[in-house]
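These notes are about the structure you will find just below.
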Amino acid sequence: MVRQITDPEIIEALERYSEKYAFVLVPGFKNSGPEHWQSFWERDIDIFQRISQRRWDQRDIYLWIDAIGRTVAEEERPAILIGHSLGALASACVIADHEAGVAGAMFVAPAEPIRFEAEGRIPYDHLDAPTVLVASHNDTLISFPRAKFFAEGWGSDFVDLGEAGHINSEAGFGRWPYGLGILLDLVERIEENAPAAAELDA
């Protein structure tokens, strides 16, 4: 455990929540490299796991959706998906498909669906799980208004990072401790929502 990357209280809170939730990283096209924030989180913080697949270099969102489904099915705990770029789009699809075992998701810099021929697969309606979407004004893979459009349609909380590129290692996002705080806020909202969801299922 590398606690110095962020506020120790945030790490400790996420560790406690990991007893109840599985934190699943969903990288984008070509996977997340070693200097990407998802890779730092996976290496430095024991609670994170990454989806597994063999064809990271294929622009097929169904490969991502299937990989998420396999990971979630193997977990006894409800999953919180942390998706970047294409991984964010696939995570939204999984929630829209009412995949059992997904408690919520953090969408970071979702890519424009047409870049992956996925515009017909992406949901445009409200998602039935708490989510947060993190966007940048100068993301090269999607415009800021378009990212905001998805956040509004999906019912996601919206975090504006200003001019932050594609929120990846090329844009200077290494360990990204602020992102862990965003994740913790999401988990706490999922917890607040849990009693209401349980009543609806009863």
Side-chain angles (χ1 to χ4, degrees), residues 5-6 10 14 17 21-45 47-51 56 61 64-65 67-68 71 79-96 102-113 115-116 118 122-123 127 129-190:
I5 69 170
T6 191
I10 292 177
L14 289 172
Y17 283 124
Y21 300 103
F23 291 97
V24 178
L25 299 167
V26 187
F29 181 57
K30 294 188 176 179
N31 204 350
S32 294
E35 300 302 311
H36 193 285
W37 56 268
Q38 286 184 320
S39 297
F40 277 113
W41 289 12
E42 182 185 19
R43 283 196 307 268
D44 295 347
I45 309 172
I47 64 173
F48 292 101
Q49 61 176 299
R50 182 186 302 232
I51 64 165
W56 292 105
I61 194 171
W64 270 252
I65 293 170
I68 295 169
T71 302
I80 296 175
L81 307 177
I82 303 107
H84 180 255
S85 194
L86 176 57
L89 298 180
S91 297
C93 291
V94 169
I95 294 175
V102 178
M106 177 174 168
F107 308 128
V108 181
E112 179 60 55
R115 291 177 176 271
F116 298 96
I122 301 303
L127 299 176
T131 60
V132 58
L133 191 151
V134 186
S136 161
H137 285 256
N138 61 340
D139 192 333
T140 56
L141 270 67
I142 194 170
S143 70
F144 185 75
R146 182 75 162 156
K148 200 164 187 178
F149 166 81
F150 280 117
E152 291 171 353
W154 294 341
S156 303
D157 285 351
F158 190 72
V159 178
D160 177 356
L161 288 190
E163 295 192 354
H166 193 45
I167 316 177
N168 56 6
S169 53
E170 288 79 8
F173 285 80
R175 289 184 166 89
W176 195 31
Y178 180 60
L180 292 168
I182 296 172
L183 176 60
L184 179 57
D185 288 343
L186 170 65
V187 180
E188 290 175 342
R189 186 156 68 92
I190 290 171

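Remember, it's a predicted structure, so these values are computed and weren't measured experimentally. Hydrogens, waters and symmetry mates play no part in the numbers below; they use all other heavy atoms, side chains included.
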Validation row: Glu163, Asn138 side chains within 4.5 angstrom (heavy atoms): yes
How many angstroms lie between CG in Leu25 and CD1 in Ile51, if you round to the nearest 0.5 Å? 9.5 Å
Side chain to side chain contact (heavy atoms under 4.5 Å, CB included) with Val134: of Val159, Leu183, Asp160, only one passes, and it is Val159
Check Ile95 against Ala105 and note the closest heavy-atom contact, atom names and distance. CD1-CB, 3.6 Å
If you compare all heavy atoms of Pro130 against all heavy atoms of Leu186, which two are closest, and at what distance to 0.1 Å? O-CD1, 3.6 Å
Donor + acceptor pair across side chains of Gln38, Ser32 (<3.5 Å): yes
Heavy-atom pair with the smallest gap, counting every atom of Ala171 and Gly165: CB-CA, 4.1 Å
Could you check Phe158 against Phe144 for ring-ring contact (aromatic ring centres under 6.0 Å, His included), going step by step and ending with a plain yes or no? CA-CA 11 Å; Phe158 190 72; Phe144 185 75; 5.5 Å; yes
Could you check whether any side-chain heavy atom of Pro34 comes within less than 4.5 Å of a side-chain heavy atom of Arg43, counting everything from C-beta outward? yes
As a quick check of understanding, evaluate side chain to side chain contact (heavy atoms under 4.5 Å, CB included) for Leu89 and Trp64, giving each step before the final call. CA-CA 9 Å; Leu89 298 180; Trp64 270 252; over 6 Å; no
Any side-chain donor-acceptor pair under 3.5 Å between Arg50 and Ser39? yes
What distance separates Leu127 CG from Trp154 CH2, expressed to the nearest 0.5 Å? 7.0 Å
So Phe107 and Ser156, do their side chains get closer than 4.5 Å, heavy atoms only? yes
Just by distance, with hydrogens left out, do His166 and Asp139 show a side-chain donor and acceptor under 3.5 Å apart? yes
For Trp41 and Trp176, take the angle between the two ring planes, folded into 0 to 90°, and tell me which bin it lands in: parallel under 30, tilted 30 to 60, perpendicular over 60. parallel
Checking side chain to side chain contact (heavy atoms under 4.5 Å, CB included) for the pair Val24/Ile68: CA distance, chi angles, key distance, verdict? CA-CA 8 Å; Val24 178; Ile68 295 169; 5.8 Å; no
Ile80 vs Val187, side chain to side chain contact (heavy atoms under 4.5 Å, CB included): CA-CA, chis, key distance, verdict: CA-CA 8 Å; Ile80 296 175; Val187 180; 3.7 Å; yes
Closest heavy-atom contact between Ala109 and Ile167? CB-CD1, 4.0 Å
Run Phe23 and Ile47 through side chain to side chain contact (heavy atoms under 4.5 Å, CB included) and show every step you take. CA-CA 6 Å; Phe23 291 97; Ile47 64 173; 3.7 Å; yes
Rounded distance [0.5 Å steps], CZ in Arg189 versus OG1 in Thr131: 6.0 Å
Indicate yes or no: at least one non-hydrogen side-chain atom of Val132 is less than 4.5 angstrom from one of Ile182. yes
Separation between CD1 (Ile10) and CG (Asp185), nearest 0.5 Å, reads 8.0 Å
Exercise: identify the closest heavy-atom pair between Ala164 and Ser136: N-OG, 2.9 Å
Side chain proximity check, Trp56 to Phe29, heavy atoms < 4.5 angstrom: no
Could you check whether the rings of His84 and Trp37 sit parallel, tilted or perpendicular, using 30° and 60° as the cut-offs? perpendicular
Within-4.5 Å side-chain heavy-atom neighbours: Ser85 and Pro110: no
Can you tell me how far the CG atom of Leu184 sits from the CE atom of Met106, to the nearest 0.5 Å? 11.0 Å
Nearest 0.5 angstrom please: Ser143 OG to His137 NE2, how far? 11.5 Å
Please work out whether the ring planes of Tyr21 and Tyr17 are parallel, tilted or perpendicular, with thresholds of 30° and 60°. tilted
